[in-house]
Amino acid sequence: MRIVVGMTGATGAPIGVRFLEVLRDLGIDTHLIVSRWGRATIAQETSRTVAEVQKLATVSYHPDDQGADISSGSFHTDAMVIVPCSVKTLAGIRMGFGDTLIGRAADVTLKERRPLILAVRETPLSSIHLDNMLALSRSGATIFPPMPAFYNNPREIHDIVDHLVSRILDQLGVESPFAERWAGLASASSRRSAL
């Protein structure tokens, strides 16, 4: 399996980093693009350097490298995930404005009818954001705002991040080694009373 991963400047860099770690551990071929502002967000939100994050991927590209192999539909990939995805990137993809490698790779993913997952990170959402999400959903993208779940009783931020990564992997048809699945209200009540 070969996955293109984009990381933009929206908050949520720890989710993207953890996603790359899990894909690496699963032996999945990853092609990473970190935007200019994605680099700043990695520095702000994680203890990793950009170089350390790039080493988690099989291949890493400069965000302006329009000549990269992933900018062509003839280069086979199984899916693209942008995590986190800024609303600027969302708008650019919706308009087909491939001025960066992330935008171009997303455009290629859509035109080739491959899965495109956008972990849009913004709140609150304006009507413009919602229109862009709806248009891309209708074009075949999966809109995946990284919203935390609490039925699995997360105790740390790491638990929330892992759950979100598991849900993204579900969209790719990849089984997560640490997924906590909803088991119904009876099981949730039993877990709470055991605590």
Side-chain angles (χ1 to χ4, degrees), residues 1-20 22-23 28 30-42 45 57 61-66 68-149 161 163-174 176:
M1 188 172 225
R2 180 183 285 159
I3 307 294
V4 178
V5 179
M7 293 182 69
T8 71
T11 189
I15 304 165
V17 171
R18 182 66 176 138
F19 182 60
L20 286 166
V22 173
L23 292 177
I28 293 173
T30 53
H31 292 248
L32 174 65
I33 317 145
V34 180
S35 75
R36 181 168 54 101
W37 286 108
R39 293 166 183 266
T41 307
I42 288 169
E45 296 182 351
Y61 303 89
H62 189 278
D64 295 323
D65 183 6
Q66 295 282 25
D69 46 14
I70 59 173
S71 69
S72 172
S74 66
F75 184 76
H76 180 76
T77 61
D78 294 290
M80 181 174 184
V81 179
I82 303 178
V83 56
C85 179
S86 67
V87 291
K88 176 184 175 184
T89 302
L90 175 80
I93 295 167
R94 188 229 173 135
M95 299 308 294
F97 188 59
D99 65 329
T100 66
L101 184 55
I102 290 176
R104 174 58 187 163
D107 190 49
V108 165
T109 301
L110 284 174
K111 80 179 184 68
E112 297 294 331
R113 305 281 194 242
R114 298 172 185 155
L116 174 63
I117 300 167
L118 305 174
V120 180
R121 230 333 272 132
E122 186 64 78
T123 191
L125 295 164
S126 74
S127 296
I128 294 168
H129 305 148
L130 293 167
D131 282 346
N132 288 339
M133 286 190 262
L134 180 58
L136 282 167
S137 177
R138 287 178 172 158
S139 296
T142 297
I143 307 301
F144 187 98
M147 297 179 184
V161 170
H163 183 76
L164 291 167
V165 168
S166 291
R167 298 291 291 130
I168 294 170
L169 291 171
D170 285 347
Q171 295 300 307
L172 297 170
V174 175
S176 168

Peer 1: Distance from Arg39 atom CZ to Met7 atom CE, nearest 0.5 Å?
Peer 2: 11.0 Å
Peer 1: Identify each donor-acceptor pair in which a side-chain atom of residues 78-86 lies under 3.5 Å from a protein atom, sequence neighbours left out, and give them as a table.
Peer 2:
unit_1: Asp78; atom_1: OD1; unit_2: His76; atom_2: NE2; d: 3.4
unit_1: Asp78; atom_1: OD2; unit_2: Arg2; atom_2: N; d: 2.7
unit_1: Ser86; atom_1: OG; unit_2: Thr89; atom_2: N; d: 3.0
unit_1: Ser86; atom_1: OG; unit_2: Thr89; atom_2: OG1; d: 2.9

Peer 1: How about Ile128: does its CD1 atom have over 12 heavy atoms from other parts shown lying under 6.0 Å from it?
Peer 2: no
Peer 1: Determine which pairs satisfy salt bridge (charged side-chain N to carboxylate O under 4.0 Å, His left out) with at least one residue from residues 103-118, sequence neighbours left out, and list them in order.
Peer 2: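 Checked against salt bridge (charged side-chain N to carboxylate O under 4.0 Å, His left out) - neighbours excluded - the pairs reaching residues 103-118 are Arg104-Asp107.
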Peer 1: Can you give the donor-acceptor pairs under 3.5 Å from side chains of residues 115-124 to other protein atoms, not counting sequence neighbours?
Peer 2:
none

Peer 1: Applying the side-chain contact (heavy atoms from CB on, under 4.5 Å) test to Thr77, which of Asp69, Val4, Val108, Ile3 qualifies?
Peer 2: Val4
Peer 1: Residues two or more places apart in sequence or in another chain: which of them pass ring-ring contact (aromatic ring centres under 6.0 Å, His included) with Tyr61?
Peer 2: His31
Peer 1: Considering residues at least two apart in sequence or located in another chain, which fulfil the side-chain hydrogen bond (donor to acceptor under 3.5 Å, both in side chains) criterion with Ser166?
Peer 2: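 Counting only residues at least two positions away or on another chain, Ser166 forms a side-chain hydrogen bond (donor to acceptor under 3.5 Å, both in side chains) with Ser176.
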Peer 1: Nearest 0.5 Å, please: how far is CG in Leu32 from CG in Leu101?
Peer 2: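 That separation rounds to 10.0 Å.
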Peer 1: Please check: side-chain N/O of Ser137 versus main-chain N/O of Met133, any donor-acceptor pairing under 3.5 Å?
Peer 2: no
Peer 1: Could you list the residues that satisfy side-chain hydrogen bond (donor to acceptor under 3.5 Å, both in side chains) with Gln66, not counting sequence neighbours?
Peer 2: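 For Gln66, no residue satisfies side-chain hydrogen bond (donor to acceptor under 3.5 Å, both in side chains) once neighbours in sequence are set aside.
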Peer 1: Does Asn132 form a side-chain contact (heavy atoms from CB on, under 4.5 Å) with Val87? I'd like the steps, not just the answer.
Peer 2: CA-CA 9 Å; Asn132 288 339; Val87 291; over 6 Å; no
Peer 1: Just checking Met1: does its CE atom have more than 12 heavy atoms from other residues, nucleotides or ligands closer to it than 6.0 angstrom?
Peer 2: yes
Peer 1: Nearest 0.5 Å please: distance from the OG1 atom of Thr100 over to the CD1 atom of Ile93.
Peer 2: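 With rounding to 0.5 Å, OG1 (Thr100) is 8.0 Å from CD1 (Ile93).
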